Amino acid sequence: MDESVLEHPLITFTSDFGLREEWVGVVKGVIYSINPRAKVIDITHEIPPMDIGKGAFVLAAALPHMPVGVHLAVVDPGVGTDRGALVLEAERGDLLVGPDNGLLLPAVRRLGGIRRCFFIENPAFFRQPVHPTFHGRDIFGPVAAHLTLGFPLEKLGRFGDVNGLTEPPWGPAKRGEGAVYAQVVDVDRFGTLRLNAQPDDLSALGVRRGDELLIMVAEETFRAPYLRTFGEVERGKPLVFDDSSGFLGVALNGADLASRLGAKPGDAVIIYVPAAR
Amino acid sequence: MDESVLEHPLITFTSDFGLREEWVGVVKGVIYSINPRAKVIDITHEIPPMDIGKGAFVLAAALPHMPVGVHLAVVDPGVGTDRGALVLEAERGDLLVGPDNGLLLPAVRRLGGIRRCFFIENPAFFRQPVHPTFHGRDIFGPVAAHLTLGFPLEKLGRFGDVNGLTEPPWGPAKRGEGAVYAQVVDVDRFGTLRLNAQPDDLSALGVRRGDELLIMVAEETFRAPYLRTFGEVERGKPLVFDDSSGFLGVALNGADLASRLGAKPGDAVIIYVPAAR
Amino acid sequence: MDESVLEHPLITFTSDFGLREEWVGVVKGVIYSINPRAKVIDITHEIPPMDIGKGAFVLAAALPHMPVGVHLAVVDPGVGTDRGALVLEAERGDLLVGPDNGLLLPAVRRLGGIRRCFFIENPAFFRQPVHPTFHGRDIFGPVAAHLTLGFPLEKLGRFGDVNGLTEPPWGPAKRGEGAVYAQVVDVDRFGTLRLNAQPDDLSALGVRRGDELLIMVAEETFRAPYLRTFGEVERGKPLVFDDSSGFLGVALNGADLASRLGAKPGDAVIIYVPAAR
């Protein structure tokens, strides 16, 4: 990474560790042991246990707004198996550190794609002994910390084939004839359904702000306009909008759509563009 | 702000964003992009969604104990409407940044009151494009970060009329003849009822430590002494005390009063000073 | 503490304050008021209210992985009574700050034991006035901050007798004939039972990796092998393993053992080493 990054070494940190146990603090302690000048920004540690899909979504939503830096992400159901451990260098200059299970891919694609990919294999960068269930503390955290000290990627391990990386549990939405075939990837605190679909998916179908759409989700079908923000519909009414994550959101103004529908991550969502257009 | 503040630029951060999504981390990322030397202290992000009253209480409780600095607060049900965006300069020297919905007022009054008030209007200090539902990321956070760099308030926007600001959903308790008419503003983790009443409200009625009071809350009436701390009553017994927030608290020693009574924020509380005095 | 610690002054912070109220932020504000260069690492603030046992466990699990520094811990049901306030200097060089209720002892023993013990008594290091229910803000936090500035321990108060300290609610597991008598000290987010027993307790009985054990907990008895990690048993099957905390864990691969058994902290656990060995 370039010099300015080393001057203000930043590590963002995302995990499914929760905040009740000591795990998040311990990883930070290990990081500061290696680089006392590092600054760690928590993105979230409340990814539901083992939920790679939500972890990948949150990273994709967050990283474009972060300064160029090192991004540590640990949602790792395969810890202790032979799943690979990755450092992905993004075209923007960031370094993403985490398991090879799809967690990092949607985010790195939003940072311009992968410039170089390395499999972490050099135990000189690990905390010893490596505990078989806590690679966040003993492998990923220490590697992230060493990267903020300017160690070159080549020292970490072997060069990896970008095409061989494990894909995340969700990909882009599919565009059909007059419809977008999507899924709920996240339900946020306000009950908004956050989809894998993006604003481009609607504009490709000629949808413009103010158009009415037909939404099918969780066995319910309803009409909702495509608008800029909540206040443009009456309280309790649905809308489709560009969520701040950069993905499409479906929500009610002032109410919790997910609870109303019983919708949850993984549910299929079809957005029909009425033929009338 | 004065030089020493710029040397150790501090931003406290309070919101209703919760910790499950990426929002808190993203705002910090934007802040550090603008001022990598800033230090952000989280006050809480678990204000219940849209609960301006609790947000205002927590800020009022916290800011007097904070170093002079910039205080960012986002509980903003009116995001995307034409509600104003504020920077309030406190007499103590602090700068409070947030929406004009009452959130900032109890706190700034505890910092000596408002010295100057500005409406944020200059898009040069925003992150572009401004997302209509995430002013924390695109307006309030960037403005707070720029303030730690020493930008003068005058550059942010137009001078505001202090008398025209939106009041918070709760004001001071009312003093009557031999009674204080208050309300529950917050129920804390230990089940303490935190009121809008303050110790002054009791001393104005001649109440002294050790006096017995009659409390009416949530359709229950009970006697409780006014004491310094929990251990001065038997386990399970009620007391009124000066909460660490600077407001009055009503609680049980070693038990959860709010659950016992079914009391919740917004409930009326009357504190009677028995006539016998 | 030595010079390098003062150069990068670190305070870890553990409490039962929760994240909903202003308390954690307020303590940090007070710390930064005293030493703006301090760096605070949260270990957790979600210790269940007043749960000294879990607090002691989490500290013992975390501190060995932290850089040498000041460790602030507040789980303090006796606040406002005459329980003592401690600074324990560990053989490793750390300074542990908290109430004399057993909270600090398992951790300091893992840092080599106590080199010196002081009772905090000098009000010059307190924030005044000291609130009777918030010693975290007014005593422990300020003392921790002053320690990062290099104030000598002798200034804090009187030298304490290590043998007179209050013991924590759990001690080491007991080794019997062919059995370890332990208890559940913590149930983690993944449903693992974390015990007061340690790997040494098994090796002292001649147990080796791969051996099958008989576990009795919460009125259930089941067989479980002693393994390195989850993936070595089928999904849904139990195992005993060295938890990353350094204590023994009992868990199911990919499922929540605590919920399955209805097990909770405080439950007795007996690990039998089958006679066949």
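Chain letters run A, B, ... following the sequence lines, proteins first, then strands; residues in each count from 1. Quick caveat: nothing in here was measured; it's all calculated off a predicted structure. Just so you know, these numbers use all the heavy atoms, side chains as well, and skip hydrogens, waters and symmetry mates.
The main-chain N or O of Ser244(B) is found under 3.5 Å from a side-chain atom of His131(C) such that the two form a donor-acceptor pair.
If you measure heavy-atom distances from Asp42(B) to chain C, the contacts under 4.5 Å come from the backbone alone. The contact between Ile41(B) and chain C is made entirely by side chain atoms (from C-beta outward), counting heavy-atom distances below 4.5 Å. For Asp16(C), the parts lying under 4.5 angstrom from a heavy atom of chain B are both the backbone and the side chain. Residue Leu63(B): no heavy atom, backbone or side chain, is found under 4.5 Å from chain C. For chain C, the nearby part of Pro64(B) is the backbone; its heavy atoms alone come within less than 4.5 Å. Within the 4.5 angstrom heavy-atom criterion, no atom of Val40(B) approaches chain C.
To the nearest 0.5 Å, atom NZ of residue Lys39(B) and atom NZ of residue Lys39(C) are 8.0 Å apart. We find the CD-CZ distance between Glu21(C) and Arg189(B) to be 8.5 Å, quoted to the nearest 0.5 Å. Here the OG1-CG distance, from Thr133(C) to Asp243(B), works out to 6.0 Å after rounding to the nearest 0.5 Å. Taken from CH2 in Trp23(C) to NE2 in His65(B), the straight-line distance is 13.0 Å, to the nearest 0.5 Å. Separation of atoms CZ (Arg37(C)) and NE2 (His8(B)) is listed at 7.5 Å; rounding is to 0.5 Å.
The two residues Thr44(B) and Arg20(C) come nearest to each other via the heavy atoms OG1-O, 3.4 Å. The two residues Leu19(C) and Leu19(B) have their closest heavy-atom pair at CD1-CD1, 3.7 Å. Residues Ser33(C) and Pro67(B) come closest through the heavy atom pair OG-CG, 3.3 Å.
With respect to chain C, the highest number of heavy-atom pairs below 4.5 Å among Thr229(B), Thr14(B), Thr12(B), Asp186(B) belongs to Thr229(B). When Leu59(B), Ile47(B), Asp242(B) are compared by the number of non-hydrogen pairs under 4.5 Å with chain C, Asp242(B) comes out ahead.
Between Glu22(C) and Lys54(B), none of the side-chain N atoms (NZ, or NE/NH1/NH2) sits under 4.0 Å from a carboxylate O, so this pair counts as no salt bridge.
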Full working for side-chain contact (heavy atoms from CB on, under 4.5 Å) between Met50(C) and Phe190(B):
CA-CA 10 Å; Met50(C) 319 288 185; Phe190(B) 300 95; 4.0 Å; yes
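Counting non-hydrogen atoms of neighbouring residues, nucleotides and ligands closer than 6.0 angstrom, the CD atom of Glu234(B) reaches no more than 12 such neighbours.
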